[in-house]
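Structure, as structure tokens:
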Amino acid sequence: MKPRVRFAPSPTGELHVGGARTALFNWLFARKHRGVFVLRFEDTDIERNRPELVEPILESFRWLGILWDEGPYFQSQRFALYREYAERLLREGQAYRCYCAPEELEQKRTQAMAAKRKPKYDGHCRNLSSEEQKRYEAEGRKPALRIKAPQSGMTIVEDLIRGHVEFDNTELDDFIIFRSDGRPTYNFAVVVDDVTMGITHVIRADEHLNNTPKQIFIYEALGYALPQFAHVPMVLAKDRTKLSKRHGATAVFEFRDRGILPEALVNHLARLGWSCGDQEIFSREELIEKFSLESVNPAAAIFDDEKLLWLNHHYIKTGDPRRLGKLVRTFAVRRGFLTEAEAGKIPEERWAAVVDFLKERKRTLLELAEGALPFLTDRLNYDPKVVEKFLTADKATLLQEIAEILQAMSEQNFRAAVLEERVRIHLESQGRALKEIAQPCRVALTGVTTGPGLFETMEFLGKAWVIARLKRAIEKIQGVGSPAR
RNA sequence: GUCCCCAUCGUCUAGAGGCCUAGGACGCCGGGCUUUCAAUCCGGCAACACGGGUUCGAAUCCCGUUGGGGACGCCA
């Protein structure tokens, strides 16, 4: 039988990396076993629900390349179905109406906690007589539906990752499966959906392990076979707590906007709690081929930004420069480094070339976009501190001499090796070292102190820009022209 | 508080009783290369949480402790 798995986010926030990792494991499992990956939105909570978040979540998945085979389904469109199943349980005596008011329940819960007991429903409405029911109805109370949970024995969860987990049924209570306002609760809707959608493997985050015995009660009451369960460890922030806003970037979109490549994030997420020998770099195909739930580490994992950056850099170094060039272009425009019109004037090959030129020292698309600027436009942003340090008065003569030498060179000779030879010969004749002038030159040409080799930089910039920028720097040193430039 | 889960370098992990003087990766430190910064190469620091068992032998099995996480809603 082909496995059917699902990822079921609730549209109450953006897709964060923890959810993305759970979805990835589901997706990998489905792909590996030629099964079906279903996407389902659990939006039964009308108050907290934000429909405008659905599309961004879908977009996050598209960006990651985690594409669903079925759905998205919406629980909010399936209320009639849940009602049908709930009524069946009521009819069969597996569920009952509870008239207790939320405030009363809340009070009992608080009391139990204070008395250091586990808060449990006391079964007040479990065996109500029809007279009592009528009295409550007459009071205008709207009943919720509770399941009649077993009051003794054990419920066993056989988990593909955790193994054999036992729950004492006395720990569980008659929980609500249907609210008084006619909407199902989470645990109930999940089971009805998983049953009706034919889900064979429930792969979800660890935090749901405690919900599993409750859901098993529902499977049993409904008379359906259990799926396989696999509870994957959580992804924690650096401080070992659940990932949240205060931890900085946690949403998938935030990584995208920082210039992280989807293949890097997928690779990193896959390696969080899972491994395969000593391998670190995995293509999508390798992940599908090698992934297995059995080799998922049960311990929670901490999201490590540094390793993600290392992976991202790897994919920048080894990726197709044309594709990366397009991504950098989009990035530069989105960030306002260039206008769309300016970007449009730069040929595609130039974008690819600049990526290729800078990729060894840029770890993100953002760094690439920033660093590419001096090679794409004739605008230079000199850092005043850098200018002060390197474009000093004693360098003016030498810069001038170099400018003259370069001016005399043909376009055809404007190649790194030739440039280096000419400059070195001149320096030698003057008894000067390259070291003295290399950094001032670089600053003159790019405005920054780091980058590819000086002569490669000259070649890449081309004769016209090199000469112009050297002249501009010399003027700067001599105080000619606007210092505000 | 109660229940459930988890526990190897700072981080991700390898490890299914002898192959472990605990391996790899990121990061960090030092060095080579070099006009800078990277990339790259070489080297280094760094962990079995603790205590009891079981066994000829334990990172590995069992129990306990500690620590961390999660759950305990008419949230999901």
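Below, chain A is the first sequence line, B the second, and so on; all start at residue 1.
- Interatomic distance, Arg432(A) CZ to Leu398(A) CG, rounded to the nearest 0.5 Å: 5.0 Å.
- Using a 4.0 Å heavy-atom cutoff across all strands shown, Lys238(A) reaches no nucleic acid atom at all.
- Between A38(B), C74(B), A25(B), one nucleotide has an atom nearer to the side chain of Arg146(A) than all others, and that is C74(B).
- Between the base of G24(B) and the side chain of Glu280(A) there is a donor-acceptor pair shorter than 3.5 Å.
- Look at CG on Asp206(A): it is 8 Å from P on C6(B), rounded to the nearest Å.
- Distance from the side chain of Gln439(A) is smallest to U35(B) among U35(B), U11(B), A7(B).
- With a 3.5 Å ceiling on both atom-pair distances, the Watson-Crick or G-U wobble partner of G43(B) is C29(B).
- Residue-to-nucleotide contacts include a donor-acceptor pair under 3.5 Å from the side chain of Lys307(A) to the base of A25(B).
- Ranking C74(B), G70(B), A39(B) by closeness to the Ser180(A) side chain, first place goes to C74(B).
- For Phe303(A) and His268(A), the ring centers are positioned less than 6.0 Å apart.
- Taking atom C1' on both G15(B) and G24(B), the two are 12 Å apart, rounded to the nearest angstrom.
- Side-chain proximity of Thr185(A) to the nucleotides C3(B), A38(B), C74(B) is greatest for C74(B).
- Between the CG atom of Asn210(A) and the P atom of C6(B) there is a distance of 12 Å, given to the nearest Å.
- Outside the 6.0 Å centre-distance limit, the rings of Phe29(A) and Phe37(A) are not counted as a close aromatic pair.
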Run Arg141(A) and Glu104(A) through salt bridge (charged side-chain N to carboxylate O under 4.0 Å, His left out) and show every step you take. CA-CA 13 Å; Arg141(A) 294 193 184 223; Glu104(A) 294 164 356; 3.2 Å; yes
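- Side-chain atoms of Thr446(A) do not come within 3.5 Å of backbone N or O of Val443(A) as any donor-acceptor pair.
- Across all strands shown, C72(B) is found opposite G1(B) as a Watson-Crick or G-U wobble partner, with both distances under 3.5 Å.
- Of the candidates U2(B), C12(B), U35(B), the closest approach to any side-chain atom of Glu171(A) belongs to U2(B).
- The side chain of Arg271(A) places no N or O atom within less than 4.0 Å of a non-bridging phosphate oxygen (OP1 or OP2) of C26(B).
- The CG-P distance, from Asn312(A) to C26(B), rounds to 15 Å in whole Å.
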Which is it for Arg146(A) and Asp173(A) under the salt bridge (charged side-chain N to carboxylate O under 4.0 Å, His left out) test, yes or no, and what are the steps along the way? CA-CA 9 Å; Arg146(A) 286 184 186 273; Asp173(A) 64 358; 5.1 Å; no
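- Within 4.0 Å of Pro298(A), counting heavy atoms only, lie sugar-phosphate atoms of the nucleic acid but no base atom.
- When both distances must be under 3.5 Å, the Watson-Crick or G-U wobble mate of G67(B) is C6(B).
- Note on Cys98(A): nothing from the nucleic acid sits closer than 4.0 angstrom, heavy atoms only.
- Paired with Asp194(A) under the rule side chain to side chain donor-acceptor pair (under 3.5 Å), one option of His201(A), Arg6(A), Gln215(A) passes, and it is Arg6(A).
- Taking the P atoms as reference points, A71(B) lies 38 Å from C29(B), given to the whole Å.
- Within the nucleic acid shown, His313(A) comes within 4.0 Å of sugar-phosphate atoms alone, with no base atom in reach, counting heavy atoms only.
- With hydrogens and angles ignored, the 3.5 Å screen pairs a side-chain donor or acceptor of Asp43(A) with a backbone N or O of Ser76(A).
- At G69(B), none of the side-chain N or O atoms of Thr241(A) fall inside 4.0 Å of OP1 or OP2 (strictly under the cut-off).
- Rounding to whole angstrom units, CG of residue Asn49(A) and P of C74(B) are separated by 19 Å.
- Both Gly277(A) and Leu434(A) lie near RNA chain B, and the one whose nearest nucleotide falls closer to the 5' end is Gly277(A).
- Note on Asp168(A): nothing from the nucleic acid sits closer than 4.0 angstrom, heavy atoms only.
- Side-chain proximity of Glu360(A) to the nucleotides C5(B), A38(B), C12(B) is greatest for A38(B).
- Listed nucleotides: C12(B), C3(B), G73(B). Nearest to the side chain of Ala301(A): C12(B).
- Counting only heavy atoms from C-beta on, Ile176(A) has its side chain closest to C74(B) among A39(B), C74(B), A7(B).
- The gap from the C1' atom of C41(B) to that of C33(B) amounts to 9 Å, rounded to the nearest Å.
- Residue Glu47(A) is classed as having no contact, given no heavy-atom separation below 4.0 Å to the nucleic acid.
- The closest donor-acceptor contact from the side chain of Arg469(A) to the backbone of Leu445(A) lies under 3.5 Å.
- Nucleotides C63(B) and C42(B) are separated by 45 Å at their P atoms, to the nearest Å.
- Between the P atom of C37(B) and the CD atom of Glu370(A) lies a distance of 20 Å, rounded to the nearest Å.
- Residue contacts shown for Pro9(A) are absent, as no nucleic acid heavy atom lies under 4.0 Å away.
- Within 4.0 Å of Leu454(A), counting heavy atoms only, lies at least one base atom of the nucleic acid.
- The phosphate of A38(B) has neither OP1 nor OP2 within less than 4.0 Å of any side-chain N or O from Thr450(A).
- Using a 4.0 Å cut-off, no side-chain N or O of Lys362(A) falls inside it from OP1 or OP2 of C37(B).
- Separating the CZ atom of Phe188(A) from the C1' atom of A76(B) is a distance of 16 Å, rounded to the nearest angstrom.
- Side chain of Thr241(A) to backbone of Ala237(A): no donor-acceptor contact under 3.5 angstrom is found.
- Proximity note for Arg361(A) (side chain, C-beta onward) versus C5(B), A38(B), A76(B): the nearest is A38(B).
- Nearest-nucleotide mapping onto RNA chain B: of Asp278(A) and Thr449(A), the residue sitting toward the 5' end is Asp278(A).
- Using a 4.0 Å heavy-atom criterion, one finds that Phe175(A) contacts no nucleic acid atom at all.
- Phosphate contact (OP1/OP2 of G70(B), side-chain N/O of Arg204(A), threshold under 4.0 Å): absent.
- Taking atom CG of Leu308(A) as the reference point, atom P of A25(B) lies 19 Å away to the nearest angstrom.
- Within the 4.0 angstrom heavy-atom criterion, only backbone atoms of the sugar-phosphate kind lie near Arg240(A); the bases stay farther away.
- Look at Lys242(A) and you'll find a side-chain N or O under 4.0 angstrom from OP1 or OP2 of A71(B).
- Distances were taken from every side-chain heavy atom of Trp310(A) (C-beta onward) to each of A25(B), C12(B), A76(B); the shortest belongs to A25(B).
- For the P atom pair drawn from A47(B) and A59(B), the interatomic distance equals 15 Å after rounding to whole Å.
- Residue contacts for Arg442(A): at a heavy-atom cut-off of 4.0 Å it reaches a base atom on one of the strands shown.
- As judged by a 4.0 angstrom heavy-atom cut-off over every strand, Thr44(A) is placed among residues touching the sugar-phosphate backbone only.
- Rounding to whole angstrom units, CG of residue Leu311(A) and C1' of U13(B) are separated by 14 Å.
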